[in-house]
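First the structure, in the form of structure tokens, and then the observations on it.
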Amino acid sequence: MRIAVAVGPGGGGTLRPLADDGTPLGDAEPVPSLVAAVAERERADRPRWVWSSSARVYRALVEAGVRVGRCHDLELIESLLSGHDGRYGEPRSVAAAWARLRGEPVPDDRPPPAEAGPQASLFDDEDADDAEDLGPIVAVHAEQQRRIAALPGFATLAAAESAGALIAAEMTHAGLPWSVAAHDALLTEMLGPRPSGGLRPRRLQDLADKIGTAFGRHVNPDSPAQIVKALAAAGYQVKTTRAHVLKEIDHPAVPLLLEYKELSRLHTAHGWAWLDTWVHDGRFRPEYVVGGVVSGRWATNGGGALQIPRVLRSAVVADEGWSLVVADAAQLEPRVLAALAGDRAFADAAAQGDLYAALADVFTPSADLTARDKAKLALLSAMYGGGTGDAVQLLGVLKKRFPDAFDFVEAAAQAGERGHLVRSRLGRTCPPPSGEWRELTSTGDDTRSASAVRSRGRFTRNFVVQATAADWALTLMARLRQRLTVLGDPHLVFFQHDEVIVHTPTPLADEVVTAIEASAKEAGDLLFGRTPVVFPMESAIVQRYSDAK
DNA sequence: GACTTCGGCGCC
DNA sequence: AAATGGCGCCGAAGTC
């Protein structure tokens, strides 16, 4: 059973039970308190909740202490359906979908609220202007269900995306356990004591001074342009100041610059200011953007949650009596390719724990690369569209020995180059080429045109793999969440593409590991059915994130 | 002063 | 001859 929800003013709202196809099963029922009504109906019926946006509605429910098992997120699913139809990025609000349904002018999506305030107070809002109408919600849901039913795999995608939205709201609420003391100690050790005002920490200022001395002139090490000029004056012509370019230069300022860059990065991106802004009450609470990346990967708003530097993982510390279960999918993307392509020889290799090692015997080692290195390089090139240097020859080996796998990504690349759409296993669809791209590639056969064509080929080549990996990861998390609910206290606190962290009472950690493995297997079965390909999770039970791997 | 773009680098 | 996918965030520099 499903229940549609419309948020009303003053914490109230309206509920209406629906059949799976969206047909109303009863009258609309006004309720004075959505929090109380949802909690009660969840206990009684465990329905799939149909609402406009989990990021708004469920977030407010979670803040009020309510949890639900399943939902249908109308905005996220509208995005998926639009994308499937090749109308990527059209407005996705219920109002917009309702307008399209009736052939009326489609309103633009409202920009997301700037601060957390309006969301936290969603249910306290007395403003009747913000109240939702149940009619459009019911109608848009029915239309979405009609469209989903015609698309193989899409019901799974819709359920997984919606589950992801529930998980994202819950993870933001729970937060990643973060030790301010450990973080501060690390910064102090690497940068010197916390400076006052906007000053550079001591270690950075020392390096900046030494860099000036080494060049014999004042240089702001934060300015690539100034570094290029200073190097030119010293007789070194460089186009950029990237680390790998600087490393080739024999000048006393270079080691200082490299150290400065590394420490400066830590200070500006994850220094004390970050700590003040993003960590409260021992928790880092990033805001996840489900479906924020075209491939179905998540993005985050603020805090750079998906780019936590490795050195800072020692600041992620479980609570007393609790542990972190850190689990990541080993070699996920090549395994996904093996399963997608149905290449028998490749899939047999992917039935092994170390896929690259299993492929190694078809490559011959050289002085600088082992056979396993070569296998890895060949596969990454096939998926990312590389093919320079050594990779050319390695790709040739791949093509000969695993023709179906090679052809699969080649077909995706060619579709992209022609301007066609490609899709993930469950139906998530890449954006169509821009009008600019079409114009550029239709008129000429000059270098710019050829370059644009190849660029889109690389994008679609990678999309089919990356997006299917995202399908898999989302499915894994949805299953894992259900299992964790049964266990009780253990809960997800972090997700990064192919890696999850569960915060759990230590006595339950082993059961969490088992739950993760079972969920990974289920995700593989659900996406690919019978396949020899395995999707192993490497799990570690640790106190600190940095102790995993 | 507010805004955008660029260069660079962190993560997968 | 050259050709590697996806992001977010920072300070500097340029623009209005």
Side-chain angles (χ1 to χ4, degrees), chain A residues 198 200 204 208 219-229 238-246 257-258 260-271 273-274 277-278 286-289 291-313 328-334 336-337 376-392 394-395 409 412-413 416-417 422 424 428 430-431 447-448 450-470 473 494-500 545 549:
Chain A
R200 283 196 181 108
L204 283 179
V219 173
N220 177 1
D222 289 320
S223 165
Q226 288 185 30
I227 296 172
V228 169
K229 273 188 199 163
V238 291
K239 286 198 173 65
T240 84
T241 63
R242 288 177 203 166
H244 71 267
V245 174
L246 293 186
L257 279 168
L258 292 174
Y260 181 91
K261 277 170 177 282
E262 199 176 322
L263 293 178
S264 171
R265 166 83 195 178
L266 179 66
H267 176 241
T268 56
H270 287 96
W274 181 92
T277 308
W278 293 106
E287 188 169 322
Y288 296 93
V289 185
V293 180
V294 292
S295 64
R297 283 182 171 186
W298 291 8
T300 56
N301 269 338
L306 302 183
Q307 299 107 247
I308 299 170
R310 284 180 169 272
V311 291
L312 269 190
R313 292 183 182 185
D328 77 308
Q331 307 157 339
L332 177 59
E333 294 194 350
V336 161
L337 172 57
K376 183 175 180 177
L377 200 58
L379 265 177
L380 294 179
S381 297
M383 292 186 299
Y384 290 169
T388 57
D390 292 347
V392 178
L394 299 179
L395 276 174
V409 283
E417 292 185 358
V422 297
S424 76
R428 192 185 304 268
C430 77
T447 14
R448 279 182 61 222
S451 161
V453 166
R454 279 197 307 272
S455 171
R456 184 166 167 84
R458 287 193 300 275
F459 169 60
T460 52
R461 171 196 293 276
N462 183 251
F463 183 94
V464 290
V465 178
Q466 189 184 111
T468 302
F494 191 60
F495 168 55
Q496 180 173 229
H497 312 315
D498 61 358
E499 177 178 9
V500 296
Y545 189 10
K549 287 194 283 198

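Naming convention: chains lettered A, B, ... in sequence-line order (proteins, then strands); numbering from 1 in each chain.
Computed from coordinates, the A:L266 CG to B:dG8 C1' distance equals 16 Å when rounded to whole Å. For A:I227 and B:dG8, the CD1 to P distance is 8 Å, given to the nearest whole Å. We find that CG of A:L246 is positioned 13 Å from C1' of B:dC9, with the value rounded to whole Å. When the P atom of B:dC9 is taken as reference, atom CG of A:L306 falls 20 Å away, rounded to whole Å. When the P atom of B:dC12 is taken as reference, atom CG of A:L332 falls 13 Å away, rounded to whole Å. One atom, CG of A:L257, and another, P of B:dG7, lie 18 Å apart when rounded to the nearest Å. To the nearest angstrom, P of B:dC12 lies 5 Å from CZ of A:R313. When rounded to the nearest whole Å, the span between CG of A:D222 and P of B:dC9 equals 12 Å.
Formation of a donor-acceptor pair under 3.5 Å by the A:W274 side chain with backbone atoms of A:G303 is found in this model. Put simply, the side chain of A:R456 gets close to the backbone of A:G416: a donor and an acceptor are under 3.5 Å apart. Formation of a donor-acceptor pair under 3.5 Å by the A:S455 side chain with backbone atoms of A:S451 is not found in this model. Listed for the A:T460 side chain is a donor-acceptor partner under 3.5 Å among the backbone atoms of A:G457. For A:Q226 (side chain) and A:N220 (main-chain N/O), a donor-acceptor pair under 3.5 Å exists by modelled atom type.
The ring pair (Phe, Tyr, Trp, His ring centres under 6.0 Å) test applied to A:F494 returns no partner, not counting sequence neighbours. Evaluation of the ring pair (Phe, Tyr, Trp, His ring centres under 6.0 Å) rule for A:Y384 yields no partner, not counting sequence neighbours.
The outermost nucleotides of DNA chain C lying under 4.0 Å from heavy atoms of chain A, listed 5' to 3', are C:dA3 to C:dA13.
Among the protein residues, A:T240 comes within range of the sugar-phosphate backbone only, with heavy atoms under 4.0 Å from sugar or phosphate atoms but none that close to a base. Within 4.0 Å (heavy atoms only), A:Q496 reaches sugar-phosphate atoms of the nucleic acid but no base atom. Within 4.0 Å (heavy atoms only), A:E333 reaches no atom of the nucleic acid at all. Backbone-only contact: A:T241 has heavy atoms under 4.0 Å from sugar-phosphate atoms and none from a base. Backbone-only contact: A:R310 has heavy atoms under 4.0 Å from sugar-phosphate atoms and none from a base. Within 4.0 Å of A:I308, counting heavy atoms only, lie sugar-phosphate atoms of the nucleic acid but no base atom. Contacts of A:R242 with the nucleic acid, taken as non-hydrogen atoms under 4.0 Å apart, involve only primed sugar atoms and P, OP1 or OP2. A:T268 comes within 4.0 angstrom of sugar-phosphate atoms only, judged by non-hydrogen atoms across all strands, and of no base. Backbone-only contact: A:N220 has heavy atoms under 4.0 Å from sugar-phosphate atoms and none from a base. Among the protein residues, A:S223 comes within range of the sugar-phosphate backbone only, with heavy atoms under 4.0 Å from sugar or phosphate atoms but none that close to a base. Looking at heavy-atom distances under 4.0 Å, A:G303 makes contact with sugar-phosphate atoms alone, never a base. Residue-level contact check: A:A243 touches the backbone only, with heavy atoms under 4.0 Å from sugar-phosphate atoms and none from bases. Among the protein residues, A:R456 comes within range of no part of the nucleic acid, since none of its heavy atoms lies under 4.0 Å from any strand.
Along DNA chain C, the nucleotide nearest to A:N462 and the one nearest to A:P224 differ in position, and the one closer to the 5' end is contacted by A:N462. Heavy-atom nearest nucleotides on DNA chain C were determined for A:A225 and for A:G292, and the one closer to the 5' end corresponds to A:G292.
In terms of phosphate contacts, A:R265 brings no side-chain nitrogen or oxygen within less than 4.0 Å of OP1 or OP2 of B:dG10. A sub-4.0 Å separation between OP1 or OP2 of B:dG8 and a side-chain N or O of A:K261 is absent.
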Show your working on side-chain contact (heavy atoms from CB on, under 4.5 Å) between A:V311 and A:E262 and close with a plain yes or no.
CA-CA 11 Å; A:V311 291; A:E262 199 176 322; over 6 Å; no
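Counting heavy-atom neighbours within 6.0 Å of A:K261 NZ, excluding the residue itself, gives a total above 12.
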